[in-house]
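Read through the structure below, which is laid out as structure tokens, and then see the notes.
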Amino acid sequence: MRVTRREFLKISAGTAAGVMVLGLGMDLKPVKAYAQTLKIRYARESTTICPYCAVGCGIIVHTSKGASGKVINTEGDPDHPINEGSLCAKGAALSQLVNNENRLTTPLYRAPYSTHWQKVSWDWALWQIASKIKKSRDASFTHKNDKGQVVNRTDAIASVGSAALDNEECWLIQAMMRSLGLVYIEHQARI
Amino acid sequence: MTNHWIDIRNSDCILIMGSNAAENHPISFKWVTEAMKQGAKLVSVDPRFTRTSSKADFYTALRSGTDIAFLGGMIKYIIENEKYFKEYVSEYTNAAFIVTDKYGFEDGLFAGYDPKARKYDKSAWAFVEDEKGIPEKDKSLQDPHCVFQLLKNHYSRYDLDTVSAITGTPKEDLVKVYELYSATGQKGKAGTIMYAMGWTQHTVGVQNIRAMAMIQLLLGNMGVAGGGVNALRGESNVQGSTDHCILYHIWPGYLATPTTKWPSVSDYLKRRPKSNDPLSANWWQNEPKYMVSLLKSFFGDKAQPENEFGYQWFPKLDEGKSYSWLDLFDVMYKGEFTGFFAWGQNPACSGANANKVRQGLAKLDWLVNVNIFDNETGSFWKGPGMDPKKIKTEVFMLPCAVSVEKEGSITNSGRWMQWRYKAAEPPGEARPDGDMLVDLFKKVRWLYRKDIKKGKAAVFPEPIINLKWDYTTNGAFDAHKMAKEINGYFLKDVTIGTNSFKKGDLVPSFAFLQADGSTSSANWLYCNSYTGKGNMAARRTREKSGIGLNLEWAWCWPVNRRIIYNRASVDKYGNPWDSEHPVIKWDGSKWVGDVPDGGWPPMLNPNGTPNPKTKYPFIMKTEGFGHVFGPGLADGPFPEHYEPLECPVEKNLLSDQLINPITPVYATKMDILLSCDPRYPFVGTTYRVSEHWQTGVMTRWQPWLLEAQPQMFVEMSYELAKMKGIKNGEKVIVESARGKVTAVAIVTHRFKPFKIQGNEIHQVGMPWHYGWVYPKDGGDSANLLTPSTGDPNTRIPETKAFMVNVRKM
């Protein structure tokens, strides 16, 4: 019988596991497994797929049930048929992507000819962007091209991105850009 | 990928060329290793001895940009040594088709070339049809005008001496690779190709891949387990983002973007070619159902037959004009855009000829940059060589959630759509992209409604007012609502055949979609992914035995089919060519195994008579046959070797056409190309390392990953280092006609000089993961060196072969 570590933990929680002899000549696995459970004992478990390359490896995410609600552990999902628990260096570093002091945490704005960023509110930023979209679109909107053919588009706004979005967000972004009349719509797949 | 990751284990010979899977798709090697344990051979062909090469049974090098010469030699070898799978080739591919005598090829140019327009008239590449309009065939493959004979003739020029002088690969190595790989032409054997940007990022990128696809057809490797043409895609959801078509030329589900060629929806719905052969499924004839269902998803009740389902509300491209990445940044550099979104992307480092991109950003009025971390695009105005006080561009940098801080699906390279769950809240005020999109669009809509309310002349507000935009729950983006719309709904009670559906039911599969407006589906390819049975992408039941299809794990497009064109994996009676790894099998009344490429019966009845209810296996092709002769591409029906736009040779040994005659060329002062220039004597190429990803925005900020790979480097041979007086570990300058970067020299045996046309040619290679924002002194992007030119079919930039110099600082 092939026992994955997760199944092993389930077994060892109730009964004594069979002896599995490691290189040291004694069975350290229950001890090691117990030590690992301490970290994630009170955590909520969910699954995800690695955000880097397109192999699509499964990852287990442990979230603290405490007040922080933070991700406290990520590891390869042994039940996933593609990676069976393995991860490369990037996938193994997922927790450092999530919990990273360098992340952007507030909208930033850089005014024309300014030398610095300033923190702004979401509401202000999105209203600003919405009105700039409208201004650019309205000033450039082309109903008919040089040949007199109906085109109903703007050639003054472009958009790139993103293969890092979820499928549902991908659909949303292309629908939004197209309804605004953009034709210069591209992303990572082109390069 | 036509196949999928686990399926690699079913292969007998794995060719890794144009990718470095061990480094860049590390977990794929679990399945390469599994295949090798079963006796499969691994062949690595790469300009540099890579981590993949270190695991290979056989490795050989070729100069960047010469893959067609290498593969053309393989086609010649396969034909001359009769290694091809005869039954498969004559029955399932268009090798037997007769080509009209308008077709020809002379000195590097196919018939139909217009030198002024730098364009082909593809009508010169047509098939002869009988009186019913069905292509004429000679299944003995002997007719001098049949595809097989044209193929044989075309590649007869690719002899070992010529190929070796172009590629720099020793002749005996060429023969070894050809022998190993063509052994999979035997019935029951399968060979697979794992390629990536090493093949696409060339001015002959599409033809690189077509050359291999032709080899796969000749060897009977399409549709079978352990076979296929497998693009190793680089981003977690680049497959899904392509399927949903965040690209100028296609709409969700690979429907062509409307152009001026199709002024009305009825023009559009009539655009697909008909097949006169009753045995051809010609699947794209169903396109009207997918297009109308998509328009219903875009505009809901507002899309009605009377208003062409809203077709006119969307923009149209000028027919024949390209709006691709390279064009986009060309237009930006010329100052013709006012606004720009860089949403989850860092073009200041990822764009070819990055100096041109960075200059372009400074000409915008406003830029919206959405990202997890600070990056070279959002902060371009304070980058190297920029004076913020002279840059007008307003910039909004919006912080987004990471993958585990929101819910939704992504699609891997094997087309598996897998669901991800939310594990935590984003930090600070960071938000999921979906929420930002929903809010931003609502605000734009509010501004247009305000105009209308005030009686102002709003500029073409219909698409903005009418777009269906109800994918929220309690004000937040709801991925389930969107995923269901992507699958599609019945919009009224209907009975289709023996099945009855109620208004509001989810459509069980795209076979039920309609062209009359009674169904919606925001992407027909994903119809079947979220049905009455639930969210198929969230399924987690592993296969217990079998060939690794895992039909109940997650979901795969189309209709959960794990291996595309699987009806070519069986003989005409429906029996698998490879009984050990059956993908599908006809049990007398139905197909068992994978979801078949259509449920029609096999081509022959058990008594050997033709079954009129059957269809040919290659259902997406108009005629139903795999394309050995490809009349649809812009640059020729057969791949032909041309040199990269920047190359180290003055002559193409195969013809007088040095470069791909229809390659796009841009003409700003930033678009300098210099071949055979003594200032830039070495071939340059770019690649990745395991520890970083793309421009490094999602890896440079992680201490573990940065410690493992801290800075920009350039790899070069001992021979080159000696010639230039460079020591291992020294900082050097790498420069091209377009820019320069500093990098740490890695002097290694992994690169060797090539013998090209009797001369010694050196090649160097660099990763492209770094940028000036972080880490300090980590180096800048390798794309400062790369040229803004690309493939004439796709316009993917040629960032894998260009000319550079390397010198001490």
Side-chain angles (χ1 to χ4, degrees), chain A residues 46 48-49 51-57 61 63 71 81-83 88-89 93 96 102 104-108 110 112-113 115 125-126 130 132 134 136 138 141 149 151-153 156-172 174 176 179 181 183-187 189-190, chain B residues 5 25-27 233 235-236 238 240-242 244 246 260 315-316 323 325 328 337-341 343-345 366 388 392 395 397-399 403-404 408-409 412-413 418 420-421 423-424 427-429 433-434 437 440-441 443-444 447 459 463 467 479 482 542 550 690-691 693 701-702 704-705:
Chain A
S46 59
T48 192
I49 303 297
Y52 292 102
C53 86
V55 172
C57 297
V61 185
T63 309
V71 169
I82 293 174
N83 60 314
C88 75
Q96 288 195 344
N102 299 306
L104 298 170
T105 55
T106 176
L108 298 174
R110 185 258 174 187
Y113 310 107
T115 56
L126 292 182
K132 285 178 196 309
K134 185 168 187 299
S136 286
D138 290 357
F141 204 81
Q149 297 162 314
V151 293
N152 287 333
R153 67 177 189 232
I157 312 175
S159 175
V160 302
S162 171
L165 298 177
D166 289 348
N167 280 318
E168 296 72 24
E169 294 168 332
C170 289
W171 197 90
L172 212 58
Q174 64 83 34
M176 176 175 96
S179 80
V183 285
Y184 287 98
I185 300 170
E186 289 279 271
H187 83 290
R190 186 75 66 191
Chain B
W5 297 109
H25 300 83
I27 304 305
R233 307 211 65 175
E235 290 103 350
S236 60
V238 73
S241 60
T242 309
H244 293 303
I246 313 176
T260 49
K316 289 190 188 69
Y323 300 79
W325 180 279
L328 188 160
F337 292 135
T338 48
F340 179 56
F341 295 91
W343 202 297
Q345 191 159 11
W366 54 271
K392 64 174 174 176
V395 187
M397 180 123 74
L398 306 179
S403 57
V404 301
S409 70
N412 78 0
S413 199
Q418 305 190 89
R420 303 197 288 202
Y421 296 89
E429 295 175 36
D433 301 271
L437 288 163
L440 178 59
F441 188 71
K443 287 182 163 58
V444 176
L447 293 173
V459 178
L467 187 70
M482 189 71 247
R542 280 189 71 167
N550 283 285
S690 281
E691 295 77 7
W693 190 71
W701 301 91
Q702 279 101 308
W704 293 341
L705 298 173

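Quantities reported herein were computed from a predicted structural model and do not represent experimental measurements. In what follows, chains carry the letters A, B, and so on, assigned in the order in which the sequence lines appear, proteins first and then strands, with residues in each chain numbered from 1.
Per-residue heavy-atom pair counts under 4.5 Å with chain A were compared for B/F441, B/F340, B/Y421, and the maximum is reached by B/F340. Ranked by heavy-atom pairs under 4.5 Å with chain A, the first of B/P427, B/G428, B/P399, B/P388 is B/P399. The greatest number of non-hydrogen atom pairs below 4.5 Å with chain B, out of A/A125, A/C57, A/A93, A/P81, is found for A/P81. Options A/N167, A/I157, A/T115 differ in how many heavy-atom pairs under 4.5 Å they form with chain B, and the most are formed by A/N167. Taking A/G161, A/G181, A/A189, A/A158 one by one and counting their heavy-atom pairs under 4.5 Å with chain B, the maximum is reached by A/A158. The candidate from B/L437, B/I246, B/V238, B/T242 with the greatest count of non-hydrogen atom pairs under 4.5 Å with chain A is B/I246. Contact count versus chain A (heavy atoms, under 4.5 Å) is highest, among B/V444, B/T338, B/V395, B/L398, for B/V395. Ranked by heavy-atom pairs shorter than 4.5 Å toward chain A, the options B/P315, B/P463, B/A424 are led by B/P315. Counting heavy-atom pairs closer than 4.5 Å to chain B, the top residue among A/S179, A/P112, A/S162, A/A54 is A/A54. If you tally non-hydrogen atom pairs under 4.5 Å between each of A/C170, A/A156, A/P107 and chain B, the highest count goes to A/A156. When A/Q174, A/Q149, A/K134 are compared by the number of non-hydrogen pairs under 4.5 Å with chain B, A/K134 comes out ahead.
Only the side chain of B/L467 comes within less than 4.5 Å of a heavy atom of chain A; its backbone N, CA, C and O stay farther away. For chain B, the nearby part of A/S46 is the side chain; its heavy atoms alone come within less than 4.5 Å. With a 4.5 angstrom heavy-atom cutoff, B/W701 touches chain A via backbone and side-chain atoms both. Both the backbone and the side chain of B/D433 come within less than 4.5 Å of a heavy atom in chain A. Using a 4.5 Å cut-off between heavy atoms, A/E168 touches chain B through backbone and side chain atoms alike. In this structure, chain A has heavy atoms under 4.5 Å from both the backbone and the side chain of B/W325.
Side chain of A/E169 to main chain of B/G434: a donor-acceptor pair is present (N/O by atom type, distance under 3.5 Å, no hydrogens or angles). Under a 3.5 Å cut-off, the side chain of B/S413 and the backbone N or O of B/R233 do form a donor-acceptor pair. The backbone N or O of B/A423 lies less than 3.5 Å from a partner atom in the side chain of A/T63, making a donor-acceptor pair. Using a distance-only test at 3.5 Å, with no hydrogens or angles considered, no donor-acceptor pair links the side chain of B/Q418 to the main chain of A/I49. Distance alone, capped at 3.5 Å, is enough to place a donor-acceptor pair between the B/N412 side chain and the A/V55 backbone. No donor-acceptor pair closer than 3.5 Å links the side chain of B/R420 to the backbone N or O of B/G408.
With rounding to the nearest 0.5 angstrom, the OH atom of A/Y52 is 8.0 Å from the OG atom of B/S403. Distance OG/B/S241 to CG/A/D166: 11.0 Å, rounded to 0.5 Å. Note that CG of A/N102 and CD of B/Q702 are 9.5 Å apart. Values are rounded to the nearest 0.5 Å. Atom CE of A/M176 sits about 5.0 Å away from atom CZ of B/F341, to the nearest 0.5 Å.
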The test is side-chain contact (heavy atoms from CB on, under 4.5 Å); show your working for A/V151 and A/V183 and say whether it passes. CA-CA 10 Å; A/V151 293; A/V183 285; over 6 Å; no
